[in-house]
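I have placed the structure first, in the form of structure tokens, so that the comments after it can refer back to it.
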Amino acid sequence: MDPTPTIFFFCSSGSRVAMKGAAVLPQVMVSSSATMSIFHLIIFICFLLSISYLVFLTSASWCPPLAFPQQTTRQFEQRTDRFWEFQEESNSWVEVKLPFDLVSCVNDNCTKVGLIDQTSKAEEGHLANGKDVSNKTKNLKMREGDLTGLEENSYTVLPLRRRMSLTKMSDTSIWVTGESGSIYERFWNGVQWVIAPHDLQLSAGRAVSVLIVNRTIFAISEEGNLYQMKLSDWEELKPAFNQSINKEAEQSSVIQMKSGTVSYDGLRVYFCTKTGLLLELSEVEPPRWENHGRPPGADVAAIADMARIRTDVSINVLSDVYFPFQDYKSDLYEYDKSSRPSWKKHLQNEETDKDGSLLPLQGCMIYGLSGDHSVSLFLLTKGGKLVERRLHQRKWKWITHGSPEDHHLTSITPFLEDELKERFFSLFLTTSTGSVFEYQIPKHLRTAQEDQISEAWQNHMHPPNAKAARGIPGLKFQLGRILFALDDGRLAELHLPGLGGQNSGPTNQFNRKKLSSKYIWSILDAPESEGWNGEYCTEERGPMNCIAGIKDEPNDSGNIRSLTRRRKGTKAQQDYLSLGTSRSRLVKASEEYRFPDNWINTSFRLSLVQAGVSFFIITEAGLIFEYLYTESVWLWLRHDHSTPMRGALGNYNGSVFFVDVYGTLLIRERSNNELAWINCTAMRKGRQVIGGPPWDGMSGKLKVTAEDALFFVSKSGRLLQFSVALRKFKWKDCRSPPETKLACIIDQEVFRENIVFVVGINGRLYQYNKVTELWHEHHQSQHLVLSRLPGTAMRPSFFSLTGSLFMLSEDGGLVEYHWNAWNGWNWVEHGTPSKDVTLVAPPSPCIKGNQLFLIGSDGNIYLRYMDQLIWRWKNCGFPQNGDGDTRDQTEMGANDRMQEVCMDNDPTANLDINLENPNDQNRKCDPKVAPTRPIPFSEDSVIFELRDGRLAEIQKARDSKWVWQRIIGTPTSSCKGSYLTALAS
């Protein structure tokens, strides 16, 4: 006989009202202000009702006695010593230290309007449990001495990650939804863990959770649509009800899901909708839906847990299924469709209600905690406390377990009945600051154990340089192994030594006597959709196969090489540093660094519009010229603007972005049949800029999505995101690392999707994650200081994450930051082509995945290319340098051999102008290459600027040799030539 469903959930009966005050204080959050505002609002409503209907309200009414305070005499009543301030730099709430001045700023004129001070001594006893976290932070900083070593935001509340979830299909298959809305599976193929993508189609939007019912996989999108996987494809599943008995479903043809929970038998799934309904999918094929409605005057907000309670057979009670829910007011309700009424409310005790009622998140059921037939439902309050709703001897009661000192609990991981600790149940809980605590509960607890609560909390903290995601429950994977989602988008495994980690598969056999009771952390990589380095599995034979991996395979030389070797977890954790954890004290004068006056002009002088057809050049005088091929003729078009320009910062979909001498960002685009200017800085939240992304990709080959954006560096050294997709222009301040300002952008999403690599004015490398909006610093030698020039990305294949970032060091050498799956991140210093030559301009775009050009201080072009896994230098000279040095300059250990890579073409062929006559004193021509960042003109050609203002194109010939193809005269060149000009309109 099927069990009768019974439901617990939290609901409210009142309307939700929002109020706006007449005065606005600075961004300080008070924990009790919302409650007081609602209290006075209720009094005011009661007053109106009493006048309108002349009804005397008794003490039994829901309104309190009418004692109307004068609004003009209302004063702020301080009942707590804990206040938070919103910091724009970290985009988070940070607790302030009292006393705290309330300051009002209008047009940069700031005046003090109030003060928040410590409470009186009479209230100190009431606040004994609230410790001043800022004092603790200060003490920690003092212990660190003068180092910057205190991890920033140690007590900062993390943002909510609403799309992250973990779902277990089996010991070898874990399904994950990332903050980007992607779906991927971590699968053990017998050799190693691999990642398989299962994203929803683009039209479905982002996913927020995955449910697995009897091997059938469902996904809920952010829009609230339900999808079912059929033959590796997602199909939308719309609930269909018997309209004769489901009138509410009949009124709304569109039902949007909010969350779901699978029953313990794995055969049914229950959903709560965005409108507060409870739905049940009892059968999958064919789908059978049932609408359980909602409690009277309340909405279902979340399913906290489901449990099957087995009472004693002699009582003649069948097994009941319980579903706890929550609504906005967080009352616990019970649903039992076999009883009347079906919905029953569980009243909260005074202590629970005083702590801010219950949190609408998943809870946890434990059986036998206080007896063989007892049931305990663990929930969290909005105040971050752990509470228990216990059923024992047919009586329900509330028990408050509290929380670790100075910590706010945000999620509960389903309990682990640890066989290694037979006397305890273990609950794992995450905090608002990213730590993980274990709460041990003695089995068969007969009496309250208040004296043991302080010892029951064990702090497992968090992985190095990473924190657990706030509000996301962990996933019990195996005995001694728990998965957690990290705030930065990756995963972490909390496991016993010898039982888990990146290279450890499902373990069913182990020696219990040798196991340690201390847990350790291992970080697991996430795929590129989250901005990380986990590669997707393949269908090819080998260790990365999606179904069955093979350990070893012979390489091309016939040797056996282990392809399953992966980085150790400690190395992976050291690559990325949380901001503030680096002990670097680089370049004392870094904060005093000043960019050269012509920095923008030399770094962003040239910009490609259409490969092989059009590009822009900005002159030193601020004029804009476009070199355009039209009707079989090359000509120069002049684009006039009222202010001189300093650089071209990028292009998108045919529109070119310029920056003028004042730092104003402008768009030049074609509107109908005319060219127009758009002032982006004048838009809402617009900023003045000094730099943009190095657009190395060919126009038309960049992926266009509905979330496309360009990134710029502001005058104040902050990273700015400017959304351009669908012409819905929008600015966003992405801030900067706390210890430095930004100098330039190295790469935007070419080397790694959703990642922007930047260099600070302190010469260190950082990255910004678009998905999580977090900054990370990359591990870097104290002796390596990067230049403040743009870089370039080299990624030979977009089917592999292997590749490199190329930058210049401060002393003019070439530096490579290389990634591969076997060794992770590694710095490689390539140095200079020769001892008497330094590199003076940003690297050229990557050519064919293994070549790039660099400009030397001697005015020559140098090619850095890879030949048979060996990096080599080649001097390509400059145009008209017929006797340039073309010898190989290989690295140490390379074979001495000659190979012509660069050569000069016929000096009189394919030139737009005649070569200068050395004896003609009227011609001021200097064919050496200027230190201006080059641009790609086609897949096998690059444009350089010469010192005399002309341009030169180098092209790859059919025999793979690089040839100087032509010199292009410009309207402002000191070396005069013939060309056609026109005015763009």
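Predicted, not measured: the structure shown is a model, and the values here were computed from it.
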Trp175/Ser173 under side-chain hydrogen bond (donor to acceptor under 3.5 Å, both in side chains): CA gap, chis, key distance, verdict | CA-CA 7 Å; Trp175 288 64; Ser173 176; 3.2 Å; yes
At what distance, to the nearest 0.5 angstrom, does CD1 of Ile412 lie from CG of Leu361?
-> 8.5 Å
Contact check, side chains of Leu369 and Glu388, non-hydrogen atoms, under 4.5 Å | yes
Distance (rounded to the nearest 0.5 Å) between Thr433 OG1 and His462 NE2 | 7.0 Å
Would a distance-only check, ignoring hydrogens and angles, find a side-chain to backbone donor-acceptor pair under 3.5 Å from Gln478 to Thr507?
-> yes
For Ser435, does its backbone N or O pair with a side-chain atom of Thr431 as donor and acceptor, under 3.5 Å?
-> yes
Sidechain N-carboxylate O distance under 4.0 Å for Arg161, Asp487 | yes
Okay, side chain of Ser411, backbone of Gly471: is any donor-acceptor separation there less than 3.5 Å?
-> no
Beyond-backbone contact of Ile174 with Leu483, side-chain heavy atoms, under 4.5 angstrom | yes
List the steps, then state whether side-chain contact (heavy atoms from CB on, under 4.5 Å) holds for Arg470 with Val157.
-> CA-CA 8 Å; Arg470 170 189 169 195; Val157 176; 3.6 Å; yes
Just wondering, more than 12 heavy atoms not from Met169 lying within 6.0 Å of its CE?
-> yes
Would you find a donor on one side and an acceptor on the other, under 3.5 Å apart, between the side chain of Arg163 and the backbone of Gly178?
-> no
Measure from the side-chain N and O atoms of Glu493 to the backbone N and O of Gln502, and report whether any donor-acceptor pair falls under 3.5 Å.
-> no
With a 4.5 Å heavy-atom cut-off, do Leu494 and His460 have their side chains touching?
-> yes
Could you please spell out the steps behind the side-chain contact (heavy atoms from CB on, under 4.5 Å) verdict for Leu332 and Leu358?
-> CA-CA 8 Å; Leu332 181 64; Leu358 300 170; 4.2 Å; yes
Between atom NE2 of His407 and atom OG1 of Thr430, what is the distance when rounded to the nearest 0.5 Å?
-> 12.0 Å
Cation-pi between Arg490 and Tyr576: NZ/CZ under 6.0 Å from ring centre and within 45° of the ring axis?
-> yes
Heavy-atom closest contact (Pro463 atom, Trp521 atom, distance) | CG-CE3, 3.5 Å
Can we call the ring centroids of Trp84 and His408 under 6.0 Å apart?
-> no
For the residue pair Asn754 and Trp532, establish whether any side-chain heavy-atom pair is separated by less than 4.5 Å.
-> no
Starting from the C-alpha separation in whole Å, work towards a yes-or-no answer on side-chain contact (heavy atoms from CB on, under 4.5 Å) for Glu185 and Ile195.
-> CA-CA 6 Å; Glu185 176 188 7; Ile195 300 175; over 6 Å; no
Give a yes or no on whether the backbone of Lys385 and the side-chain of Ser403 come within a donor-acceptor separation of less than 3.5 Å.
-> no
What is the distance from atom OH of Tyr766 to atom CG of Leu577, rounded to the nearest 0.5 Å?
-> 9.5 Å
CG on Leu409 to OG1 on Thr381, rounded to 0.5 Å = 8.0 Å
Which is it for His401 and Tyr439 under the ring pair (Phe, Tyr, Trp, His ring centres under 6.0 Å) test, yes or no, and what are the steps along the way?
-> CA-CA 10 Å; His401 295 269; Tyr439 184 61; 5.4 Å; yes
Does Arg764 use its side chain to pair, donor to acceptor, with the backbone of Gln780 at less than 3.5 Å?
-> yes
What are the two closest heavy atoms between Gly505 and Arg481, and how far apart are they?
-> O-NH1, 2.8 Å
For the ring-ring contact (aromatic ring centres under 6.0 Å, His included) test, which of Trp193, Trp188, Phe428 pairs with Phe477?
-> Trp193
Do Arg735 side-chain atoms and Glu773 backbone N/O form a donor-acceptor pair below 3.5 Å?
-> yes
At their closest point, which heavy atom of Cys272 faces which heavy atom of Ala302, and how far apart are they?
-> SG-CA, 4.0 Å
Is there a donor-acceptor pair under 3.5 Å between the side chain of Asn503 and the backbone N or O of Gln192?
-> no
CA sep, side-chain torsions, deciding dist, call: Thr413, Ile482, side-chain contact (heavy atoms from CB on, under 4.5 Å) = CA-CA 9 Å; Thr413 297; Ile482 311 172; 4.2 Å; yes
For His495 and Ser522 the tightest heavy-atom approach is NE2-OG, 2.8 Å
Between Asn465 and His776, the two heavy atoms sitting closest are O-NE2, 4.3 Å
Could you tell me the separation between the OG atom of Ser376 and the CD1 atom of Ile441, rounded to the nearest 0.5 Å?
-> 7.5 Å
Donor-acceptor side-chain pairing of Gln440 and Ser426 below 3.5 angstrom = no
Are any side-chain N or O atoms of Glu438 and backbone N or O atoms of Trp457, one a donor and one an acceptor, separated by less than 3.5 Å?
-> no
Mind listing the closest non-hydrogen atom pair of Pro473 and Leu166 along with its distance?
-> O-CD1, 4.3 Å
Is the closest side-chain donor-acceptor distance between Ser165 and Ser209 under 3.5 Å?
-> no
Taking the side chain as every heavy atom from C-beta outward, state whether Asn769 and Ile755 have any atom pair closer than 4.5 Å.
-> yes
Can you tell if the side chain of Trp398 reaches within under 4.5 Å of the side chain of Val387, non-hydrogen atoms only?
-> yes
Would you please indicate if the ring centroids of His778 and Trp825 are separated by under 6.0 Å?
-> yes
Please tell me if the side chains of Glu535 and Asp525 come closer than 4.5 Å, counting only heavy atoms from C-beta onward.
-> no
May I ask you to test the Phe83-Leu98 pair for a side-chain heavy-atom distance under 4.5 Å?
-> yes
